[in-house]
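Predicted, not measured: the structure shown is a model, and the values here were computed from it.
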Amino acid sequence: MKKALITGITGQDGSYLAEFLLDKGYEVHGLIRRASTFNTDRIDHLYRDFHDPDARMYLHYGDLSVSAHLTNLLSGIEPDEVYHLGAQSHVRVSFDTPEYTGDITGLGTIRLLEAIRKTGITTRFYQASSSEMFGAAPPPQNEQTPFQPQSPYAAAKVYSYYVVKNYREAYKIFACNGILFNHESPRRGETFVTRKITRAATRIKLGLQDKLYLGNLEAKRDWGFAGDYVEAMWMILQHDRPDDFVVATGETHSVREFAQRVFEKLDLDYHDHVEIDERYFRPTEVDVLLGDSTKVQNVLGWKPRTGFDQLIDMMIETDLNLAEKEKILNDAGY
């Protein structure tokens, strides 16, 4: 039985990846941060008590800021594959917490790579690189496009990208970068713009709120489905040699178009409900991200299966269900 360690297992990508690997027969270990409240909602359906003989997912408390703990964890688990998804991953928030973002999103990666080097374990390492690294670079962007990061988050990811390449070349670690363009799902955090839109629009539909405040409506992104993208992560680590790959749909849509589609599907006019709040603008904007995933398609055979409208429908269905439950509770006086 193969063993995998996932940092960021409680996040959107971590939960889909854990499902995928469990279905493949893996034993899955996840790194989670200790908090006063449970933050495992996305993976609760996968969890079995460790006393259960059929349990194959195990959670370990830890933090990407503590190198000694990461070293001990890797030494104890000896995973065949490490998927490094954990990060401070909100771009706008990175402007407010640049030092923390650099520590966790940037230095967290080298702490893991150092843990692999020091323990001497044989493992394959996946780094969750980001399309935000391309920043102001003209589209379409592929593996040869120079990085022009436009945020502390993107700059930290660029650092991680290059230390992965460095440790691959210097220490012969099987270390790979997956440069994933925006990928969404019903499990997306509610502060990210796509989920913010579907969550608000469904609540507006049921009379639970009236307005949705957004920032730059003209920003264009290449949006795919997270469930498709975690398969690409796995395929990257199954390749016969370590390499770096762009993963994207090859289509771009503006935030305005995303909002318009969502409201139209709910028989609403977004003009009546969407307002601009300049507090949501970034100090430096990224205008267009459009991925060219020719390499991953030709080398690994990966292609996105979920289209833009299908993704929106999926997110609306989930959030409408949540809004209906909320309305029932409100109407009952709770």
inquiry  = Taking salt bridge (charged side-chain N to carboxylate O under 4.0 Å, His left out) as the criterion, tell me which of Lys24, Arg56, Arg42, Arg187 meets it with Glu19.
reply    = Arg187
message = Testing the basics here: between Val246 and Asp292, what is the closest heavy-atom pair and its distance to 0.1 Å?
response = CG1-O, 3.6 Å
task = Quick one: closest heavy-atom pair of Ile173 and Leu113, and the distance?
result = CD1-O, 4.2 Å
remark   = The single option from Asn182, Thr252, Thr249 that satisfies side-chain hydrogen bond (donor to acceptor under 3.5 Å, both in side chains) with Asp222 is Thr249
key: Ion pair check, Arg221 and Glu184, cut-off under 4.0 Å   = no
ask   = Do the non-hydrogen side-chain atoms of Leu70 and Thr7 ever get within less than 4.5 Å of each other?
value = no
ask   = Can you check side-chain contact (heavy atoms from CB on, under 4.5 Å) on Gln238 and Glu81, steps first, answer last?
value = CA-CA 10 Å; Gln238 310 317 304; Glu81 297 168 6; 3.1 Å; yes
key: Cluster check Met235, Leu17: I/L/V/M/F/W/Y, side chain < 4.5 angstrom   = yes
request  = Run the numbers on Phe258 and Phe308 for ring pair (Phe, Tyr, Trp, His ring centres under 6.0 Å), then give the verdict.
outcome  = CA-CA 9 Å; Phe258 192 99; Phe308 183 63; 5.8 Å; yes
Side-chain donor-acceptor pair present, Thr109, Ser160, cut-off under 3.5 Å = yes
message = Side chains of Asp228 and Thr306: any donor to acceptor distance under 3.5 Å?
response = yes
ask   = Between Tyr167 and Leu64, is there a shared hydrophobic cluster once you connect ILVMFWY residues whose side-chain heavy atoms come closer than 4.5 Å?
value = yes
request  = Of all the heavy-atom pairs spanning Ser130 and Lys157, show the shortest one and how long it is.
outcome  = CB-CG, 4.2 Å
inquiry  = I'd like to know if the side chain of Thr105 pairs up with that of Gln88 as donor and acceptor (distance under 3.5 Å, no hydrogens or angles considered).
reply    = no
note = Checking Val274, Ile276, Asp277 against Tyr213 for side-chain contact (heavy atoms from CB on, under 4.5 Å), the one that qualifies is Asp277
query = For the side chain of Thr318 and the backbone of Met315, is there at least one donor-acceptor N/O pair under 3.5 Å apart?
reply = no
query = Are Val262 and Phe225 connected, step by step, through hydrophobic side chains (Ile, Leu, Val, Met, Phe, Trp, Tyr) whose heavy atoms are closer than 4.5 Å?
reply = yes
Donor on one side chain, acceptor on other, Tyr270 and Arg256, under 3.5 Å = yes
query = Does atom NZ of Lys205 have more than 12 heavy-atom neighbours from other groups under 6.0 Å away?
reply = yes
ask   = Phe174 and Phe125: aromatic ring centres closer than 6.0 Å?
value = no
query = Which atoms form the tightest heavy-atom contact between Arg195 and Arg188, and what is the distance?
reply = NH1-O, 2.7 Å
query = His60 vs His29 aromatic rings, parallel, tilted or perpendicular, using cut-offs 30° and 60°?
reply = parallel
ask   = Does any non-hydrogen side-chain atom of Met233 lie less than 4.5 Å from one of Leu180?
value = yes
inquiry  = Could you report the tightest heavy-atom contact between Leu212 and Ala200, atom names first, then the distance?
reply    = CD1-CB, 3.6 Å
key: Enclosure of Lys211 NZ (heavy-atom neighbours >12, cutoff 6.0 Å)   = yes
request  = Would you indicate whether Glu218, at its atom CD, is surrounded by more than 12 heavy atoms from other residues, nucleotides or ligands within a distance under 6.0 Å?
outcome  = yes
request  = Check whether Val299 and Trp302 end up in the same hydrophobic cluster, where Ile, Leu, Val, Met, Phe, Trp and Tyr are linked by side-chain heavy atoms less than 4.5 Å apart.
outcome  = yes
request  = Could you tell me whether Arg117 and Glu114 make a salt bridge, using a distance below 4.0 angstrom between a side-chain N and a carboxylate O?
outcome  = yes
ask   = Shortest non-hydrogen contact from Met57 to Ala18?
value = SD-CB, 4.5 Å
query = Run the side-chain contact (heavy atoms from CB on, under 4.5 Å) check on Tyr280 and Val193 step by step: do they pass?
reply = CA-CA 10 Å; Tyr280 295 124; Val193 68; over 6 Å; no
task = State whether Glu190 and Arg199 are salt-bridged, where the test is any N-O pair (Lys NZ or Arg NE/NH1/NH2 against Asp/Glu carboxylate O) under 4.0 Å.
result = yes
query = What class does the angle between the rings of Phe245 and His239 fall in, given that below 30° is parallel, 30 to 60° is tilted and above 60° is perpendicular?
reply = perpendicular
query = Under 4.5 Å between any side-chain heavy atoms of Val247 and Ser293, yes or no?
reply = no
Pairs involving residues 61-103, ordered by first then second residue, that meet ring pair (Phe, Tyr, Trp, His ring centres under 6.0 Å) (sequence neighbours left out) = His90-Phe192
task = Decide side-chain contact (heavy atoms from CB on, under 4.5 Å) for Leu107 and Ile110; before the verdict, give the C-alpha distance in whole Å, the side-chain angles of both, and the deciding distance to 0.1 Å.
result = CA-CA 5 Å; Leu107 293 180; Ile110 205 164; 4.3 Å; yes
task = Give a yes-or-no answer on whether the side chains of Thr198 and Asp319 include a donor-acceptor pair shorter than 3.5 Å.
result = yes
Under 3.5 Å side-chain donor-acceptor pair for Tyr16 and Glu231 = no
task = Tell me, with the steps shown, if Tyr229 and Asp13 meet side-chain contact (heavy atoms from CB on, under 4.5 Å).
result = CA-CA 8 Å; Tyr229 283 40; Asp13 292 6; over 6 Å; no
task = Could you tell me whether the side chain of Thr191 reaches within less than 4.5 Å of the side chain of Lys196, counting heavy atoms only?
result = no
ask   = Taking a hydrophobic cluster as the set of Ile, Leu, Val, Met, Phe, Trp and Tyr residues connected by side-chain heavy atoms closer than 4.5 Å, whether directly or through intermediates, do Val28 and Leu85 fall within one such cluster?
value = yes
